[in-house]
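The structure appears below as structure tokens.
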Number of protein chains: 2
Amino acid sequence: MQNIVAETLKRSQLSVTDSRKKILEYFHHSKGALAHADIERLSGEQFDRVTIYRTLQTFVEKGIIHSIPTSDNSIRYALCKDDCAEGHHHDNHIHFVCDVCGTTFCLDHVTIPNVQLPAGFKSKQTDVIVSGICGKCGNI
Amino acid sequence: MQNIVAETLKRSQLSVTDSRKKILEYFHHSKGALAHADIERLSGEQFDRVTIYRTLQTFVEKGIIHSIPTSDNSIRYALCKDDCAEGHHHDNHIHFVCDVCGTTFCLDHVTIPNVQLPAGFKSKQTDVIVSGICGKCGNI
DNA sequence: TTTTATTTTGCAACTTTGTTGCAAAGTGCT
DNA sequence: AGCACTTTGCAACAAAGTTGCAAAATAAAA
Ligand SMILES: [Mn+2]
Ligand SMILES: [Mn+2]
Ligand SMILES: [Zn+2]
Ligand SMILES: [Zn+2]
């Protein structure tokens with residue numbers, strides 16, 4: 001795990017620092033997406049709030065994580081797949097937010113539906129956020 | 001216009017006040033969705049910031065406007081259709097954000113695609129936000 | 001390994017955004 | 001007009017995010 005994390009950073013031409021390693025590990029260990037507040041909670045007093053902001057921003061720019069829009073106006077982040085690179089994301093998947101446990105999942109194997117836009121409108125990106133009950137919470 | 005605005009408020013059992021009338025008019029006059037900041041700008045020093053927050057919240061609760069999640073983490077609001085009521089929204093339409101002019105449109109006549117979720121997942125709501133170039137900005 | 005150059009971090013100070021309690025003003029009703 | 005009730009504006013606060021800069025850490029060079 002230490003290895004894959006350090007290698008990801010190097011591949012993105014980022015210096016390998018404690019905060020970056022730790023924050024990236026949080027993403028690898030987490031089932032769902034993480035918000036700034038989650039990381040702050042997970043890391044305790046270990047890093048400054050500002051460092052977390054800057055690290056997340058850097059990771060997004062480098063194509064290591066992507067941000068997920070949610071209806072409650074709190075940005076969450078999740079790991080990108082390998083085909084994302086600096087300044088160029090290819091995260092063509094939908095997101096599912098569980099109303100019960102609050103987890104945000106990236107559903108990589110669900111194809112994004114093709115929406116029919118009015119004449120003259122050109123689509124560049126389609127974000128789909130489905131909310132409901134996830135697999136675990138439904139089986140309780 | 002004054003009439004339709006006042007009647008909407010009365011139908012929702014809201015007292016008709018200057019701020020509510022004015023803010024509701026902004027929505028009727030606007031092509032796209034409005035954020036809190038837009039209304040603050042439009043109204044100048046006319047109302048307190050807090051009043052705008054509370055008015056938007058009340059309008060959402062009463063089913064007069066609905067909120068639209070955006071990827072830049074700024075909530076925008078747009079008028080609901082007639083079938084929304086207190087505590088119960090029926091805004092089954094997709095949203096389009098123009099990358100050029102920034103306008104957020106409600107596309108009422110585009111049907112929401114049915115996404116195929118993994119086994120065990122149950123969908124309650126589907127938000128679709130398409131971004132790209134709108135009709136006007138494409139024809140320049 | 002030590003030195004040097006570059007990058008990153010933490011701190012402080014600040015801005016922006018959103019919330020809450022409460023008295024004053026406004027609205028609806030008789 | 002008078003009264004009950006709701007809404008507004010203000011102030012004070014809390015939370016979220018940004019910026020500049022010196023100190024610390026990392027990477028590259030010697
Ligand atoms: Mn994702
Ligand atoms: Mn809409
Ligand atoms: Zn769940
Ligand atoms: Zn446009």
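Residue numbering restarts at 1 for every chain, and letters A, B, ... go by the order of the sequence lines. All values below come from the heavy atoms of this structure, side chains included, with hydrogens, waters and symmetry mates left out.
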(request) Please report, rounded to the nearest Å, how far the P atom of C/dT17 is from the CZ atom of B/Arg49. (result) 8 Å
(message) The side chain of A/Ser19 is closest to which nucleotide in this list: C/dT9, D/dC10, D/dT19?
(response) C/dT9
(message) What is the distance, to the nearest angstrom, from the CG atom on B/Leu14 to the P atom on D/dC5?
(response) 18 Å
(request) Take the protein atom CZ of A/Arg20 and the nucleotide atom C1' of D/dA25, then report the distance between them rounded to whole Å. (result) 11 Å
(request) Nearest whole angstrom, please: distance from the C1' of C/dT7 to the NZ of A/Lys10. (result) 16 Å
(message) Whole angstroms only, please: what is the CZ-P distance between B/Phe47 and D/dC10?
(response) 13 Å
(message) Parallel, tilted or perpendicular, judged at 30° and 60°: which one describes the rings of A/Tyr53 and A/His36?
(response) parallel
(request) With heavy atoms under 4.0 Å as the rule, sort B/Arg54 into base, sugar-phosphate or nothing. (result) base
(request) Classify the nucleic acid contact of A/Gln57 as base, sugar-phosphate or nothing, counting any heavy atom under 4.0 Å across all strands shown. (result) nothing
(request) Would you give the length of the straight line joining atom CD1 of B/Ile129 to atom CG of B/Leu107, rounded to the nearest 0.5 angstrom? (result) 12.0 Å
(request) Considering just the side-chain nitrogens and oxygens of B/Ser15, establish if one lies under 4.0 Å of OP1 or OP2 belonging to D/dT6. (result) no
(request) Nearest whole angstrom, please: distance from the P of C/dG10 to the OH of A/Tyr53. (result) 15 Å
(message) Measure CG/A/Asp48 against P/C/dC11 and give the value in whole Å, please.
(response) 6 Å
(message) Looking only at the aromatic ring of each residue, does the gap between the centers of B/Tyr77 and B/Phe59 stay below 6.0 angstrom?
(response) no
(request) Find the distance A/Ile52:CD1 to C/dC11:P and express it as a whole number of Å. (result) 13 Å
(message) Please determine whether a side-chain nitrogen or oxygen atom of B/Thr51 lies at a distance below 4.0 Å from atom OP1 or OP2 of D/dG9.
(response) yes
(message) Just to be sure I understand the rule, does A/Gln13 reach a base, reach only the sugar-phosphate, or reach nothing, if contact means heavy atoms closer than 4.0 Å?
(response) nothing
(message) Does a side-chain N or O of B/Thr17 approach OP1 or OP2 of D/dT7 to a distance below 4.0 Å, or not?
(response) no
